[in-house]
Novice: 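Starting off with a structure, shown below.
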Protein chains: 2
Amino acid sequence: MELGDRKKKILQLIIESYIETAEPVGSRYIAKKNDLSLSPATIRNEMADLEEMGYLEQPHTSAGRVPSQAGYRFYVDQLMERYFMTMADMERVNQALKLQTEEIDKIISRVCQVMSDVTDFTTVAVTPKHDKSRIKKLDLVMIDAHSFLAVIVTDSAVVKNKLFRTSGTIDERTLKLFSGILNQTLANISIGSITFDMINSLKKAMPEYANELVPVLNFVHEVVTQLDQSNLYMRGANNILKYPEFADLDKARSFIEFLEDGEAVGEIIKSVPEGVEQTSIIIGSENKNPHMQGSSLILRTYKIDDSAYGCLGLIGPIRMDYRKAVSDIEYFGSRLSQLFEEIFHGGES
Amino acid sequence: MELGDRKKKILQLIIESYIETAEPVGSRYIAKKNDLSLSPATIRNEMADLEEMGYLEQPHTSAGRVPSQAGYRFYVDQLMERYFMTMADMERVNQALKLQTEEIDKIISRVCQVMSDVTDFTTVAVTPKHDKSRIKKLDLVMIDAHSFLAVIVTDSAVVKNKLFRTSGTIDERTLKLFSGILNQTLANISIGSITFDMINSLKKAMPEYANELVPVLNFVHEVVTQLDQSNLYMRGANNILKYPEFADLDKARSFIEFLEDGEAVGEIIKSVPEGVEQTSIIIGSENKNPHMQGSSLILRTYKIDDSAYGCLGLIGPIRMDYRKAVSDIEYFGSRLSQLFEEIFHGGES
DNA sequence: GTTAGCACTCAGGGAAAGCGAGTGCTAACA
DNA sequence: TGTTAGCACTCGCTTTCCCTGAGTGCTAAC
């Protein structure tokens with residue numbers, strides 16, 4: 001059965017009113033608040049139809065109607081209009097994103113916080129995996145006769161380092177020799193394709209320097225493993241307590257606990273297709289993870305460079321303001337992509 | 001008025017029972033549960049005395065007694081016995097602290113999480129300021145003809161780095177020259193004493209290299225500022241929801257919000273005297289910050305090296321198990337100090 | 001100094017009653 | 001045929017009232 005324009009309008013009004021007030025919506029309310037020039041009785045008939053079609057539900061006989069999950073889905077797919085962020089909010093975001101740092105993790109963590117402040121939702125963000133980037137340079141810098149620093153720089157501008165203390169003394173020449181060999185083998189290969197075996201065979205190749213070299217190779221392995229993973233940030237967990245849906249303390253607590261466990265949340269976010277900047281809306285039981293089935297999740301990918309995409313997320317009750325959430329997250333996503341564009345391709349710094 | 005042994009014993013029993021059950025404690029209960037060989041009536045007399053002295057309170061006439069803040073204070077100062085962690089818990093902590101990394105921030109963040117898991121409290125941790133450490137080496141590593149990496153290493157083994165893209169091409173010799181000058185001026189001075197003026201005069205000293213050098217000097221300034229601050233970690237905010245004291249959602253929410261705001265919490269923790277490994281207990285309104293006055297805070301300093309101390313904290317309701325909290329945090333603190341001792345003075349790595 | 005006995009207090013829980021928002025159905029109307 | 005007024009009905013919420021029971025303070029006896 002196709003939905004007529006009037007039914008669509010009524011459904012939209014009900015959903016938006018419910019989103020705002022969290023109260024079941026009655027026919028009288030719809031008739032009065034909006035100039036549909038229809039009587040409550042007529043609205044009631046339409047509402048009964050919408051319920052039959054599965055878009056609305058009734059908590060109990062004498063209450064108004066509440067959107068069903070299918071209702072929300074229809075709403076976000078077909079009814080939802082674009083929301084425009086106020087200039088004030090945009091300005092606020094832009095101010096907050098004026099950072100001195102270029103460290104990806106710091107930036108993402110900050111965005112996560114600002115987004116939580118602005119949207120009043122719980123926000124999550126994952127930094128991209130760097131499995132497709134390459135080691136550009138591996139250098140060993142002498143600090144003093146008993147210690148040196150290993151530095152790894154990737155073409156995606158990630159730098160990792162570690163200090164080493166040596167058992168004997170060490171000189172610049174030996175370090176140069178080491179770094180030459182390491183660079184030859186490991187540079188310009190994508191991180192994802194550096195294997196444990198590769199590193200192991202390097203270890204065996206130079207038994208005379210094993211004492212100093214093995215720790216460095218372990219470090220390389222550690223870095224490669226690290227870059228192959230993404231970090232997760234979460235902020236504003238307290239925000240979910242603002243919604244009456246989480247008035248039950250136990251429910252709220254176990255949900256926050258779930259959110260604090262990065263692994264699980266990361267798992268969910270990984271399901272988002274990489275490589276395109278897009279927004280996904282996952283409503284209630286559309287979530288695979290049972291903990292999330294009482295909530296909705298809005299995800300938005302952002303781009304660091306062609307080989308690295310990260311993801312932002314907003315978590316709220318199923319009755320969340322999808323209109324605002326979507327436009328907010330899209331603004332953050334685009335600002336973030338833009339920010340990285342400036343940092344990595346914006347000429348010298 | 002001096003407290004007799006019997007009064008002390010009764011006060012202790014009341015406090016420990018209240019900590020356990022969160023229910024006001026009646027005279028009958030104390031008489032039955034413990035073999036004081038006293039009748040409820042006698043206990044009542046003693047309780048009335050303790051109330052008069054300000055150690056106990058009565059929520060209402062027909063309820064039992066509840067410890068007052070002064071009661072808790074007396075308890076932690078004079079009555080509390082040592083609690084011994086179970087071997088199982090210790091083992092669990094030790095397992096969780098087996099980390100591959102030597103990055104201070106990662107370690108602290110991890111400890112914070114484990115501590116929250118083990119203790120069921122909200123935990124905070126601050127990393128030390130490094131204002132007393134010195135720049136040991138400042139190196140510029142050439143990456144390719146258009147970019148180089150600046151690396152700063154301090155004597156407290158902190159490494160910071162940043163990539164620079166240059167407008168023109170650059171060669172190793174120029175970088176050597178730069179790093180020579182920078183090292184000469186900035187190395188072996190304590191971070192806290194490197195001033196903005198100092199950096200500014202360096203900028204002016206070499207106008208011909210301004211293009212490349214100024215960004216590096218800005219970076220130095222940034223690093224110095226960063227090292228002068230401490231980072232704060234917080235975990236297990238959801239844990240406070242486990243306590244009936246926070247059953248009021250609004251209260252709980254605003255408290256979690258307060259905790260998520262690092263600044264404010266950092267401010268509180270800074271009040272702890274540095275330089276000694278010790279435990280402080282701050283009960284309810286002894287906290288200066290009004291948000292904290294409904295909670296108690298246990299703080300414990302830990303040592304990274306002679307010039308750098310950090311701090312761990314447990315946050316719970318005033319009715320918290322001080323006995324367990326104190327011994328838990330002390331175990332964590334000592335393990336942490338020990339860990340850093342191994343990392344920084346344990347010979348080669 | 002300790003204890004038994006007793007009257008008194010008061011928060012919390014449960015039942016009962018009343019309220020009111022909202023419905024579905026029917027019949028009349030355009 | 002779609003719309004609307006009217007009306008009886010449903011049912012969750014709130015308020016009120018009462019009762020219960022844990023716990024107290026006081027008094028008098030041991």
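In the text below, chain A, chain B and the rest are named by the order of the sequence lines, each starting its count at 1.
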Novice: Nearest-Å distance, CD (B/E46) to P (C/dG1)?
Specialist: 10 Å
Novice: Going by the angle between their ring planes, with limits at 30° and 60°, are A/F258 and A/H291 parallel, tilted or perpendicular?
Specialist: parallel
Novice: Given D/dG2, is OP1 or OP2 found less than 4.0 Å from the side-chain N or O atoms of A/R44?
Specialist: no
Novice: Using only heavy-atom distances, determine whether the side chains of B/R235 and B/T123 contain a donor-acceptor pair under 3.5 Å.
Specialist: no
Novice: Calculate the interatomic distance between A/D49 atom CG and C/dT23 atom C1'; express it in whole Å.
Specialist: 15 Å
Novice: Backbone N or O of A/C311 within a donor-acceptor pair of the A/T301 side chain at under 3.5 Å?
Specialist: no
Novice: Can you tell me how far P of D/dT3 sits from CE of A/M47, to the nearest Å?
Specialist: 16 Å
Novice: Output the rounded distance in Å from CG (B/N45) to C1' (D/dG23).
Specialist: 14 Å
Novice: Taking atom CD as the centre, does B/E20 end up with more than 12 heavy-atom neighbours from other residues, nucleotides or ligands that are less than 6.0 angstrom away?
Specialist: no
Novice: For A/E51 and C/dT23, give me the distance from atom CD to atom P, rounded to whole Å.
Specialist: 10 Å
Novice: Could you list the protein-to-nucleotides 11-13 of chain D atom pairs, N/O on both sides, closer than 3.5 Å?
Specialist:
from: D/dC11; atom 1: OP1; to: A/T61; atom 2: OG1; distance (Å): 3.2
from: D/dC11; atom 1: O4'; to: A/S62; atom 2: OG; distance (Å): 3.4
from: D/dC11; atom 1: O2; to: A/S62; atom 2: OG; distance (Å): 3.3

Novice: Considering only side-chain heavy atoms of B/Q58, which listed nucleotide, D/dT24, C/dT2, C/dG24, is closest?
Specialist: D/dT24
Novice: Would you say C/dT3 has OP1 or OP2 under 4.0 Å from some side-chain N or O of B/T42?
Specialist: yes
Novice: Whole angstroms only, please: what is the CG-C1' distance between B/L50 and D/dG25?
Specialist: 16 Å
Novice: Give a yes or no on whether the backbone of A/A325 and the side-chain of A/E330 come within a donor-acceptor separation of less than 3.5 Å.
Specialist: no
Novice: Test your reading of the model: is there a side-chain donor-acceptor pair from B/S68 to the backbone of B/Y55, 3.5 Å cut-off?
Specialist: yes
Novice: Roughly how far, to the nearest 0.5 Å, is CZ of B/R44 from CZ of B/R28?
Specialist: 10.5 Å
Novice: Indicate the ring-plane relationship of A/Y243 and A/F121, choosing parallel, tilted or perpendicular according to the 30° and 60° boundaries.
Specialist: parallel
Novice: Would you say the base of D/dG23 and the side-chain of B/R28 have a donor-acceptor pair closer than 3.5 Å?
Specialist: no
Novice: In which stems does DNA chain D show up, taking only runs of three or more Watson-Crick or G-U wobble pairs whose two distances fall under 3.5 Å?
Specialist: C:1-30 with D:1-30
Novice: Starting from P on C/dA11, measure out to CD on B/E23 and report it in whole angstrom.
Specialist: 15 Å
Novice: Quick one: which of D/dT24, D/dT3, C/dT3 gets closest to the side chain of A/R6?
Specialist: D/dT3
Novice: Taking atom P of C/dA21 as reference, at what distance in whole Å does atom NZ of A/K33 sit?
Specialist: 15 Å
Novice: Short question: side chain of A/R253, backbone of A/D248 - any donor-acceptor pair under 3.5 Å?
Specialist: no
Novice: Nearest to the side chain of A/R65, which nucleotide is it out of D/dT4, C/dG24, C/dT3?
Specialist: C/dG24
